Amino acid sequence: MVLTGVLYRKVMFTVRTGGYTMKKKVLSLALAFCMLTAVFAGCGKGKEEGDSESTAPQNTTNQGQETDVNNEESTDNKVDDTSENLSEEAAYVKEMIAGLAINGAGFDAQTAEISEYREPVTLVRALFDSLEEEEQAVLEEDGTLEQLLMAEARTLNLWIRDTPLDAVEDGGITWLMEEKYYELEEVLGEDTVKELVPLYESKFLAYNDLIPGFQEEKRNNLEAGRAVDEAILNMDVNNAAEVAQVAEMYDALTDMQQAYVEHYYILREAGNLQDDALARVAYTGTRSSVYGLGNRWLLPEEWKSVTDQMQEWYPSAKPTMIWIVGSLSGMGCNLEFLPGDDVDTAALEEQYIYFSEPTRENHLSHEEYFNYFDENGIEVYLQVEPGFADVETLIDLVLAQYGSHPCVVGVGVDVEWYHGVTEDSGLPISDVLAEQWDKHIKEINPEYRLFLKHYNIRYLPPTYRSDILFVNDSQGFGSSIGDVLGIYDEELDDVLGFVPEFKRFADAFPDNDVLYQIGYESDATWYYTMEDPVVLSLGQRLAEVTGQNCGIIWVDFSIKNPKTFPWTMTSEEKVNVVNKLLRYLNPDGGQVGMRLAGNSSDPAAPRDFIYVQKVREIVDSMTAEEQGMLDAERLGYLEWAETVTAD
């Protein structure tokens, strides 16, 4: 068999729902759908029979396809000697590796569509890593691992080929490329990897020369924005002439420099400056996930109370929910419903698609929520976290289950978990894939829209657009303007900051609507210091630097929060939230506490003092019983921080 992303053996079954009937492929062998899951689970099913003919590698010009790095004859002989000693799952992994099309004669590194070749390689690597160490050793000895490594090297070359490597966003992906290159170099040897990944030297390394320019641009933008911000803080808000002068300074900044002005709201209010920022917020609501709200879920009326408040803050927006119905599970995706008897769940499990209903306290069936949303005009985008499950199959299944609901207006894919089940392991989406998914959805209903979610534009399709909604869920910032390190940052000059980074994301898709999934707890240390209500202040600032229609989607992790939607909290949940807020004041490990104690590379900022004040206000608003439930050590952090800020 030769494995590419378009080689399918199709078994047809029919699923009926609502007003339409659809035929769906059950992909039994190729790409991400081998039978090993059933074998590992002890279900007694092995792989299906299929073509097992493999082809010899091709010596392609100038893209590292020389045959002297393949050594096909010797590895074939070793394969014959060891196959009968392998377990069924290891033998199948071996067969998959032997059939990888990227090592075959038909592969052309200059014209190949990356998703056709990369996805099978990524899957078989995950399956290889799941084998026992003894069996991995056997496959290394017989040359099978070498075939896989060569396939990974060729895949890396395609990845470099398709990545522009001309902007600061590439820094979020180049470290992965570099890490993989060094890993391959260590096991295959320098000369072999140079032949297989020629673009590393001819294209990739040149990116390093661009980094100082990106850093200088960030410093200049931050400096320009800070100068105007200082003028805003020092102006007399009751002096119209002075306010007008500062407004002129702001207008003279570039669009990106304006994103570095932290206290623009003071200027807006003092000058009564009007723009259509809030009118550009076309969608507003929250994300829903089985894991985001803790142990107690919200009832339909509670969800509506949240969207009602969001619409009060953003009156031009449509109530919109990103509703996760398929979450990452093992190697694939768990769909949170039980399908009808006409769905072959055993076959789907072999393709990394599982089914189980949510079990959280108060969690009704998704059907009950959607019935309520139908009646109350709340629109829903169904989201899946695919892992190695086939995205089109997931689309068909969730729309078969819920497509009859008027509230359902589209389907979304969290790209961070596309062909990846661990942090930073997902694969970028090519134009070809995006077009396939988009057209597939519209074949079901032309009015449906696809959304694609990732924090880095380089994981989203380079040029294919249609009416796709692009969703940014970036988090972990040190501040809104990039003047301190965030939890993932190492070098301040590389840190854009929350508002500039989201602006750059929107600028990458100027003709498409964008959604901002925001409100993560890791960002609370700075958005807590914004004007109340913080959900409006943060969203409005994003809208002010965004040129197109956008959406503000508050993440469910912080719905139950004193600063967002406090009526959704129980006393116990409030205590848990405040304990998390106090944790950030730890002088030996909390972001704010370390800066206040001088234990950080960043000095304390004025917003750190405001954060301490805000946390104290929340603690004082708690009942005596709630205060008694707080962690005593963490309360000590607050008391210590107050002495520091008082000094």
Side-chain angles (χ1 to χ4, degrees), residues 17-20 281-293 296-327 335-339 357-385 394-414 441 444-451 453 467 469 471 513 515-517 519 535 539 549-560 564-565 567-568:
T17 182
Y20 67 88
V281 180
Y283 319 83
T284 185
T286 66
R287 186 196 72 170
S288 159
S289 67
V290 72
Y291 46 78
L293 286 170
R296 185 187 64 86
W297 238 58
L298 299 184
L299 295 171
E301 296 80 4
E302 293 177 292
W303 283 113
K304 184 176 183 298
S305 73
V306 173
T307 58
D308 284 349
Q309 179 61 77
M310 292 286 282
Q311 195 163 28
E312 182 179 327
W313 289 329
Y314 302 99
S316 299
K318 294 179 290 188
T320 305
M321 305 291 284
I322 289 181
W323 200 270
I324 300 179
V325 295
S327 52
L335 297 180
E336 297 169 6
F337 58 86
L338 300 181
E357 293 181 315
T359 58
R360 300 284 188 181
E361 179 186 349
N362 278 357
H363 200 310
L364 308 179
S365 70
H366 293 303
E367 196 80 36
E368 292 173 274
Y369 288 103
F370 297 158
N371 286 336
Y372 185 86
F373 296 158
D374 288 342
E375 297 170 357
N376 288 275
I378 299 173
E379 296 189 344
V380 173
Y381 287 88
L382 307 173
Q383 180 188 306
V384 294
E385 300 166 347
L394 293 173
I395 289 170
D396 286 347
L397 288 165
V398 300
L399 289 178
Q401 187 73 15
Y402 302 120
S404 61
H405 286 277
C407 69
V408 173
V409 295
V411 181
V413 180
D414 191 337
I441 287 175
I444 298 171
N445 185 336
E447 299 301 316
Y448 283 156
R449 296 178 73 178
L450 172 69
F451 83 66
K453 180 195 297 184
D467 61 351
L469 289 166
V471 185
D513 295 353
L515 301 184
Y516 300 134
Q517 184 175 295
V535 179
N549 284 345
C550 62
I552 305 300
I553 305 296
W554 200 261
V555 74
D556 45 351
F557 289 122
S558 59
I559 287 177
K560 299 176 181 178
T564 59
F565 310 97
W567 62 89
T568 64

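A quick note: this is a predicted structure, and the numbers were derived from the prediction, not measured.
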Once you measure the plane-to-plane angle for Phe565 and Trp313, does it fall in the parallel (<30°), tilted (30-60°) or perpendicular (>60°) bin?
tilted
All heavy atoms of Tyr516 vs all of Cys550, minimum pair found to be CE1-CB, 4.0 Å
Report the distance from atom CD of Gln383 to atom CG of Asp414, rounding to the nearest 0.5 Å.
5.0 Å
Looking at Val398, Val290, Val408, Val380, which one forms a side chain to side chain contact (heavy atoms under 4.5 Å, CB included) with Val325?
Val398
Could you list the residues that satisfy ring-ring contact (aromatic ring centres under 6.0 Å, His included) with Tyr283, not counting sequence neighbours?
none
Does NZ or CZ of Arg287 come closer than 6.0 Å to the centre of the six-membered ring of Phe557, within 45° of the ring's axis?
yes
Roughly how far, to the nearest 0.5 Å, is NE2 of His363 from CD of Glu336?
6.0 Å
What's the separation between atom CD in Gln401 and atom CG in Leu338, rounded to the nearest 0.5 Å?
8.5 Å
First locate atom OG1 of Thr568, then atom CD of Gln309, and finally report the distance between them rounded to the nearest 0.5 Å.
11.5 Å
I'd like to know if the side chain of Glu357 pairs up with that of His366 as donor and acceptor (distance under 3.5 Å, no hydrogens or angles considered).
no
Which pairs with one or both residues in residues 298-307 pass side chain to side chain donor-acceptor pair (under 3.5 Å), sequence neighbours excluded?
Lys304-Asp308, Ser305-Trp567
d(Asp467 CG, Phe451 CZ) to nearest 0.5 Å is 13.5 Å
CD-CD1 distance between Glu379 and Ile322, expressed to the nearest 0.5 angstrom
12.5 Å
Check Trp554 against Gly519 and note the closest heavy-atom contact, atom names and distance.
CZ2-CA, 3.4 Å
For Asn362 and Tyr369, work out which heavy atoms get closest and say how close.
O-OH, 3.3 Å
Can a side-chain donor-acceptor contact be found between Asp556 and Ser289 if the only test is distance below 3.5 angstrom?
yes
